[in-house]
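Some notes on the structure that comes next.
Counting starts at 1 for both ligands and their atoms, following the listed order. Predicted model only: the values in this text are computed from it and were never measured. Positions are given from 1 along the sequence.
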Amino acid sequence: MNASHPKSDDVARTSQRLSVEGLRTPVVGPYSLSLAAGECVVLTGPSGSGKSLLLRAICDLDPSTGMVFLNGRMRDDFPPRDWRRSVGLLPAEPAWWAEVVGEHFPQGSDGVLEALGFGPEVMGWEVMRASSGERQRLALARMLQLRPQVLLLDEPTANLDADNRARVESVVREYLADSLAAALWVTHDPAQASRVGDRELVMRAGQLEEIACI
Ligand SMILES: Nc1ncnc2c1ncn2[C@@H]1O[C@H](COP(=O)(O)OP(=O)(O)OP(=O)(O)O)[C@@H](O)[C@H]1O
């Protein structure tokens, strides 16, 4: 093997916000992909094809083999808590560890809650009184306050009407532009894929296929 290969691999990884190489769990993979700074890549594919499991594996919530790099640094070199703060997962059904919304926002709101359609009174709400669509938007705001460098978004607008869908799309696009974070955005909506995606990856029969976004 040519001795220059490892170095050129390092250069390629460092130039990407996220690099995934041969990532595999007992159920899905191996998958390889990369996300550039500021880029939004949409992930589509049939129900049950493994999109959510790929996001969980990248975030390190499920055991996996293969390699994942953030800005060229290997996932194994990060304390697990730091990895999960830097690579934020917004699951389809987010978990809540405190009863009142404000407890999840110790620094208060930084404007994201307002941009997502909430008034200041939301801080006093009990989480369980929020609708599923409200909880989805609250979970996005909670994740963004940690300033992640990669967003893994699992159908983040699945429960939303058109106005709130537009709010979420706009908040995420602005966040990526401001912070140069990258996003992997799972959607079943072709119109949304072309609105938010810079590229599209389709998961089909255990393969990731790249198609151009229209
Ligand atoms: N722990 C597990 N062991 C075995 N199979 C699993 C496990 N968890 C999920 N699966 C299966 O893996 C497949 C992929 O699930 P996944 O949730 O990733 O699909 P998806 O592409 O996100 O689907 P959807 O678009 O419906 O959300 C499904 O068939 C699911 O039943």
| field | Cation-pi, Y31 ring and R24 (6.0 angstrom, 45 degrees) | value | no
| message | Evaluate R173 against D198 for salt bridge (Lys or Arg N to Asp or Glu O under 4.0 Å), listing each step before the verdict. | response | CA-CA 11 Å; R173 292 294 336 192; D198 299 307; 3.7 Å; yes
| said: Tell me which residues fall inside the under-4.0 Å heavy-atom shell around ligand 1. | reply: V27, P46, S47, G48, S49, G50, K51, S52, L53, E155, H188
| ILVMFWY cluster membership beyond M74 - transitive side-chain contacts under 4.5 angstrom | M67, F69
| message | With rounding to the nearest 0.5 angstrom, report the CG to CG distance, L89 to D60. | response | 11.5 Å
| task | Report the C-alpha separation of R204 and E209 in whole Å, then their side-chain angles, then the decisive distance to 0.1 Å, and conclude whether the side chain to side chain contact (heavy atoms under 4.5 Å, CB included) test is met. | result | CA-CA 7 Å; R204 202 177 279 138; E209 181 189 331; 2.9 Å; yes
| task | Measure from NZ or CZ of R142 to the centre of the six-membered ring of W96, then state whether that distance is under 6.0 Å and the direction lies within 45° of the axis. | result | yes
